[in-house]
Visitor: 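Okay, handing you the structure first.
Note: hydrogens, waters and symmetry copies are ignored here, and every other heavy atom, side chains too, is used. Atoms within a ligand are numbered from 1 in the order they appear, just like the ligands themselves.
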Amino acid sequence: MSVAEIFESMDWGPAPESRAEADAWLDGQGRRFGHFIGGKRLDAGETFATVNPATGEVLAEVTQGSEADVAAAVKAARKAQGAWAAASGHDRARVLYAIARGLQKHSRLFAVLEVLDSGKPIREARDIDVALAARHFYHHAGHAELGDEELPGARPWGVCGQIVPWNFPLLMLAWKVAPALAMGNAVVLKPAEWTPLTALAFADICQQAGVPPGVVNIVTGDGATGAALVRAEIDKLAFTGSTEVGRILRRETAGRGIGLTLELGGKSPFVVFEDADLDGAIEGLVDAIWFNGGQVCCAGSRLLVQEGIAEDFQRRLIARMAKIRVGDPLDKAVDMGAMVHAEQKARVEAMLARTSGTVHRGEAPEGCYLPPVLVSDLQSADPLMQEEVFGPVLAMTTFRTPAEAVMLANDTSYGLAASVWSQDIDVALDCAPRIDAGIVWVNGTNMMDAAAPFGGMKESGFGREGGIAGLRAYLRPETGPKLSAPKRYEGEAAPSDPVDRTAKMYVGGKQARPDGGYSRPVYGPKGAVGEVGIANRKDLRNAVEAARGAAGWSASTGHLRAQILYYLAENLAAREAEFDARLKAQGAKDAATDAVRALFRWAAWADKHDGRTLGVPMGGLALALNRPVGVIGAFAAEDAPLTAMANMIGGALATGNRLVLIAPETAPLSATDLYQVLDTSDVPAGVVNVLTGDHAELAPQMAGHLGVDAVWSFSSAEISGVIEREAAADLKRTWVNYGRGRDWSAAEPFLSAGTEVQTVWVPFGL
Ligand code: NAI
């Protein structure tokens with residue numbers, strides 16, 4: 001074909017990337033791999049094949065990690081971690097920097113290996129995966145260098161287990177390994193069974209970059225190997241993968257006192273308003289859902305289009321779909337490569353076969369390929385609108401108003417990402433933060449960076465990767481000493497003070513009798529000193545409902561919240577003597593003045609817990625916003641009960657949350673005395689609800705309640721485990737003490753536990 005003819009037709013010829021370097025590397029390893037433990041590549045054990053999905057060829061044999069292999073890796077990590085943490089931040093920074101350089105130097109090897117093993121297009125592997133992986137190590141070299149200046153007193157968790165999926169094998173590795181190492185942890189990483197090769201090549205980079213033996217260990221294998229790693233003696237687990245496995249891991253780790261971050265699935269809305277740049281939005285969709293075959297956790301797989309433009313948009317989209325080139329993933333001119341595995345292809349086909357919508361398909365070659373697919377005429381409740389497909393399938397519906405767009409966007413159990421398209425700054429910036437998603441892109445999609453926290457809300461998991469929020473996930477939270485069991489006074493109800501027979505809860509701004517009508521006397525060193533109600537499931541439900549109804553609080557300004565907290569502090573201060581007498585009567589060691597002080601501090605924080613603008617390599621703005629978690633159910637502490645409650649109320653309210661507080665068991669009257677103080681302090685009805693009752697009985701109910709967004713517990717060690725286990729059902733956030741005390745004056749843990757970081761990207765000026 002002559003150049004003139006090519007100009008005429010604008011056809012593209014094939015432009016395959018060479019695989020010679022990758023083949024040479026695989027051959028050099030004998031195409032058989034053992035684990036990488038203690039800085040050494042071990043001999044292969046029992047192996048399985050890893051296959052190129054585009055061709056079906058076996059690329060290499062990889063070892064199936066056993067329980068003993070995992071234990072050896074964890075042991076090596078344990079041995080190495082102390083010295084690594086003790087090294088200077090500068091020394092760690094040098095190593096991370098060397099890893100970044102190594103990845104760049106061998107970028108073609110990594111990109112091609114990734115393509116061979118996963119089927120993703122070379123353009124993505126080269127321009128996104130490898131480039132961003134290197135960026136992660138550069139960025140985190142900086143965090144290692146700055147160490148104590150950025151995060152004073154930071155202590156690493158120790159040994160971190162890290163489990164990654166097959167969609168971004170190298171990038172997910174970088175997201176997990178870089179912050180862990182920067183903060184002084186050692187890691188045992190298990191890559192996905194379908195895509196282990198780039199992790200094994202990364203072992204070479206570790207050796208070359210001078211990573212001390214044992215600081216990075218890589219154990220290959222399937223879910224059984226992953227499960228062994230979860231059971232092993234690790235201090236923290238970071239997992240990316242399916243929501244189903246995430247739930248299992250939440251249960252498995254419950255009560256162990258180890259750190260857990262889960263980056264799970266998504267069903268991210270892609271919202272197109274009628275004034276959007278439609279061509280831009282369509283190219284955005286190509287990136288969001290079809291590039292990489294839609295095998296992206298944050299894929300914009302739910303298209304919501306404003307009604308007036310829906311027909312035109314759909315027509316243009318189908319025309320664009322027809323031009324998407326699906327084929328050889330090594331071809332630089334290809335848009336969509338192979339599906340990762342025939343099994344995944346079959347999963348997607350099965351989901352498509354069940355839909356009642358209208359299916360529009362693009363073109364794809366024979367083999368492990370799928371075409372781009374659009375399914376229109378769907379309702380929001382359709383399974384294709386609700387379930388994660390993890391394939392190149394875009395499900396479409398329409399909306400009329402911005403309010404309806406937000407409602408539909410939030411009509412999902414997931415909350416990973418969202419994309420909002422409008423040229424009207426009011427519409428876009430008003431809509432973006434109202435979507436319950438960890439990441440929102442305005443007029444863009446799938447932007448990610450090491451400086452930008454990434455992670456989900458709701459059933460998309462918890463914890464963040466990237467940015468300062470991501471670093472915190474690799475730091476051990478400060479806790480106090482193990483608490484001894486609180487002293488419980490018991491005796492006959494023969495008090496010198498009259499017993500209050502009208503025991504009440506505090507729900508929705510009103511005092512209410514317990515639903516079951518049961519109450520119990522409260523004893524102090526001198527006998528009974530009062531009576532409190534015993535909350536049952538219905539009381540809990542009422543309290544949660546009241547808290548949900550007080551959503552206006554979460555939208556209020558920090559200034560307003562500060563004023564109310566100051567007022568609360570002032571009103572408590574006026575009654576210090578009375579509260580001190582009550583503490584003493586119950587035999588509690590605490591001082592009301594400490595509680596007053598705590599409330600003043602929280603009032604101070606209320607308008608100061610700012611978000612950040614992020615230093616991402618992009619024109620425009622990326623913001624980390626602090627959003628309230630929502631409704632928090634909290635179990636009070638028995639040590640310093642009034643001060644602890646003041647901190648729980650203050651910490652929750654200052655960050656914009658509503659609270660269902662379960663009073664301390666040994667000093668419940670100090671909670672019931674707060675009712676009047678709350679009443680006189682203008683705390684809106686439903687923002688703080690107080691129940692008295694049995695912690696062990698209420699803990700599973702609270703953690704299992706779908707209306708509660710997070711559970712905090714400063715109560716006994718036993719209920720910490722119960723809460724974590726029950727919270728697995730809807731992957732609620734939990735912050736529990738495992739029976740340890742704390743320094744109540746430390747604000748940061750409350751600020752982190754009270755907020756969800758939402759990263760909002762607003763590109764402009766490109
Ligand atoms: P998966 O969650 O089963 O696998 C992810 C990783 O976890 C792999 O390394 C796997 O070996 C490991 N694993 C599996 N079972 C485990 C267990 N019991 N204990 C510890 N580790 C375990 O995901 P899979 O089967 O690869 O894909 C299934 C679906 O999950 C996909 O169709 C997709 O919907 C979703 N997915 C979501 C991802 C995300 O980035 N959020 C990534 C991959 C899959």
Side-chain angles (χ1 to χ4, degrees), residues 48 50 53 62 64-65 67 70 117-120 129 161-173 175-176 188-199 218-232 234 237-253 260-268 289 292-299 301 339-352 370 383-384 386-393 413-417 437-439 446 448 454-463 465 728 731:
F48 60 94
T50 185
V62 177
Q64 166 67 19
E67 192 108 27
V70 169
D117 214 14
S118 73
K120 65 168 60 192
D129 297 25
Q162 306 185 318
I163 300 176
V164 296
W166 41 258
N167 54 346
F168 290 92
L170 180 70
L171 185 55
M172 294 292 129
L173 172 151
W175 280 23
K176 289 190 165 40
V188 178
L189 178 116
K190 191 203 82 68
E193 53 273 40
W194 289 344
T195 54
L197 293 180
T198 44
I218 291 161
V219 178
T220 50
D222 61 11
T225 311
L229 181 53
V230 174
R231 285 193 299 272
I234 50 173
L237 178 66
F239 171 79
T240 300
S242 61
T243 296
E244 189 193 342
V245 174
R247 248 191 266 284
I248 297 173
L249 302 192
R250 169 68 290 182
R251 289 200 186 98
E252 296 258 317
T253 54
L260 178 66
T261 43
L262 298 175
E263 203 269 272
L264 309 176
K267 190 75 193 178
S268 301
I289 184 72
N292 190 18
Q295 301 169 114
V296 185
C297 52
C298 54
S301 54
M339 295 300 289
V340 69
H341 199 276
E343 232 175 77
Q344 186 63 13
K345 179 184 168 186
R347 232 180 260 172
V348 177
E349 292 279 23
M351 290 186 81
L352 266 179
L370 278 174
L384 266 193
Q386 294 294 329
E387 291 168 21
E388 187 173 40
V389 177
F390 240 62
V393 178
S413 57
Y414 293 111
L416 188 52
I439 309 111
N446 284 9
M448 299 166 198
F454 187 95
M457 295 182 184
K458 304 201 288 194
E459 294 189 23
S460 291
F462 44 77
E465 296 187 313
L731 291 160

Visitor: Can an N or O of Thr240 be found at a distance shorter than 3.5 Å from an N or O of ligand 1?
Guide: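 Among all N and O atoms of Thr240, none is under 3.5 Å from an N or O of ligand 1.
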Visitor: Evaluate the side-chain contact (heavy atoms from CB on, under 4.5 Å) criterion for residues Ser118 and Gln295: first the C-alpha distance (whole Å), next the side-chain angles of each, then the deciding distance (0.1 Å), finally the verdict.
Guide: CA-CA 10 Å; Ser118 73; Gln295 301 169 114; over 6 Å; no
Visitor: To which protein heavy atom is atom 10 (C) of ligand 1 closest, and what is the distance rounded to 0.1 Å?
Guide: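 For this ligand atom, the closest protein heavy atom is Glu193 OE1, 3.5 Å.
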Visitor: Would you say atom 3 (O) of ligand 1 makes contact with the protein, given that contact here means a non-hydrogen protein atom less than 4.0 Å away?
Guide: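 So far as the 4.0 Å threshold goes, atom 3 (O) of ligand 1 is in reach of a protein heavy atom.
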Visitor: Within ligand 1, which atoms have a heavy atom of Ala192 less than 4.0 Å away?
Guide: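 Once the distances to Ala192 are compared, the set is 9 (O).
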Visitor: At under 4.0 Å between heavy atoms, is it the side chain or the backbone of Leu249 that contacts ligand 1, or both, or neither?
Guide: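 Near ligand 1, Leu249 shows its side chain, while the N, CA, C and O stay back.
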Visitor: Can you pull out the closest protein heavy atom to atom 41 (N) of ligand 1? Residue, atom name and distance to 0.1 Å, please.
Guide: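 For this ligand atom, the closest protein heavy atom is Leu264 O, 2.9 Å.
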Visitor: For Phe168, is the NZ or CZ atom of Lys120 found under 6.0 angstrom from the centre of its six-membered ring and inside 45 degrees of the ring axis?
Guide: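 Yes, a cation-pi geometry holds between Lys120 and Phe168.
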Visitor: Please determine, by modelled atom types, if Asp117 and Thr50 share a side-chain donor-acceptor pair under 3.5 angstrom.
Guide: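 Yes, because at least one side-chain N or O of Asp117 sits under 3.5 Å from a partner of the opposite role on Thr50.
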Visitor: Who gets closest to atom 7 (O) of ligand 1 by heavy atom: Phe390, Tyr414, Phe239?
Guide: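 Answer by nearest heavy atom: Phe239.
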Visitor: To the nearest 0.1 Å, how far is atom 34 (O) of ligand 1 from its closest protein heavy atom, and which atom is that?
Guide: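 For atom 34 (O) of ligand 1, the nearest protein heavy atom is Glu388 OE1, 3.0 Å.
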Visitor: If you measure from each heavy atom of Ile163 to ligand 1, is any distance below 4.0 Å?
Guide: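 True for this residue.
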Visitor: Which of the atoms in ligand 1, numbered in the order shown and given with their element, are less than 4.0 Å from a heavy-atom of Gly265?
Guide: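 Checking each atom against Gly265, I get 41 (N).
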Visitor: Can you report which non-hydrogen protein atom sits closest to atom 40 (O) of ligand 1, along with the distance?
Guide: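 Result: Cys297 CB, 3.1 Å.
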Visitor: Is any side-chain heavy atom of Pro191 closer than 4.5 Å to one of Ile218?
Guide: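 Yes - at least one pair of side-chain heavy atoms lies under 4.5 Å apart.
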Visitor: Tyr414 versus Leu264: any side-chain heavy-atom pair under 4.5 Å?
Guide: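 No; the side chains remain at least 4.5 Å from each other.
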Visitor: Starting from atom 13 (N) of ligand 1, find the nearest protein heavy-atom neighbour and note its residue, name and distance.
Guide: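 Looking at atom 13 (N) of ligand 1, the protein heavy atom closest to it is Gly223 CA, 3.6 Å.
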Visitor: Under the criterion side-chain contact (heavy atoms from CB on, under 4.5 Å), which of Lys190, Lys176, Glu263 is the partner of Val164?
Guide: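 Of the listed options, the one satisfying the test is Lys176.
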Visitor: Whether the side chain of Gln64 engages the backbone of Asp222 through a donor-acceptor N/O pair (distance < 3.5 Å, no angle test) should be reported.
Guide: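 Pair found, side chain donor or acceptor close to backbone of Asp222.
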Visitor: Which atoms from ligand 1 have a heavy atom of Pro165 less than 4.0 Å away?
Guide: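 It comes down to these atoms of ligand 1: 42 (C), 43 (C).
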Visitor: When you measure from atom 9 (O) of ligand 1 to every protein heavy atom, which one gives the shortest distance, and what is it?
Guide: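 Answer, as residue, atom name and distance: Val164 O, 2.9 Å.
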Visitor: Under a 4.0 Å heavy-atom limit, does Trp194 contact ligand 1 with its side chain, its backbone, both, or neither?
Guide: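 It is neither; nothing of Trp194 touches ligand 1.
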Visitor: Are any of the side-chain heavy atoms of Leu352 and Val393 separated by less than 4.5 Å?
Guide: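 Contact flag for Leu352/Val393 side chains = yes.
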Visitor: Can you tell me which residue and heavy atom of the protein come closest to atom 26 (O) of ligand 1, and the distance to 0.1 Å?
Guide: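 Result for atom 26 (O) of ligand 1: Trp166 NE1, 2.5 Å.
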Visitor: Below 4.0 Å, non-hydrogen atoms only: which portion of Phe168 touches ligand 1? Side chain, backbone, both or neither.
Guide: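 Answer for Phe168: neither.
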Visitor: Looking only at protein heavy atoms, which one is nearest to atom 21 (N) of ligand 1, and what is the separation?
Guide: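 Ranking protein heavy atoms by distance from atom 21 (N) of ligand 1, first comes Gly226 CA, 3.5 Å.
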Visitor: Any donor and acceptor pair, going by atom type alone, linking the side chain of Lys267 with main-chain N or O of Glu387 inside 3.5 Å?
Guide: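 Checked: pair present.
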Visitor: Which of the numbered atoms in ligand 1 are under 4.0 angstrom from any heavy atom belonging to Gln344?
Guide: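 So the answer, numbered in order with elements, is 32 (O).
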Visitor: Give the atom numbers and elements of ligand 1 that come within less than 4.0 Å of a heavy atom of Asp222.
Guide: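 Counting atoms of ligand 1 from 1, those under 4.0 Å from Asp222 are 11 (O).
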Visitor: Would Glu193 and Thr220 count as a side-chain contact (heavy atoms from CB on, under 4.5 Å) if you check the C-alpha gap in whole Å, the side-chain angles of each, and the deciding distance to 0.1 Å?
Guide: CA-CA 7 Å; Glu193 53 273 40; Thr220 50; over 6 Å; no
Visitor: Heavy-atom distance under 4.5 Å between the side chains of Gln162 and Trp175, does that happen here?
Guide: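 Counting from C-beta outward, Gln162 and Trp175 never come under 4.5 Å.
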Visitor: For Phe390, which of Arg347, Gln344, Met339 qualifies under side-chain contact (heavy atoms from CB on, under 4.5 Å)?
Guide: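 Testing each of Arg347, Gln344, Met339 against Phe390, the sole residue satisfying side-chain contact (heavy atoms from CB on, under 4.5 Å) is Gln344.
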Visitor: Quick one: which ligand 1 atoms are inside 4.0 Å of a heavy atom on Arg347?
Guide: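 Listed by number with element, the hits are 27 (O), 28 (C), 29 (C), 31 (C), 32 (O).
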Visitor: Assess whether side-chain contact (heavy atoms from CB on, under 4.5 Å) is satisfied between Glu465 and Thr240, documenting all intermediate values.
Guide: CA-CA 10 Å; Glu465 296 187 313; Thr240 300; 4.1 Å; yes
Visitor: Polar-atom distance check: Gly241 versus ligand 1, any N or O pair below 3.5 Å?
Guide: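 Right, the criterion is met.
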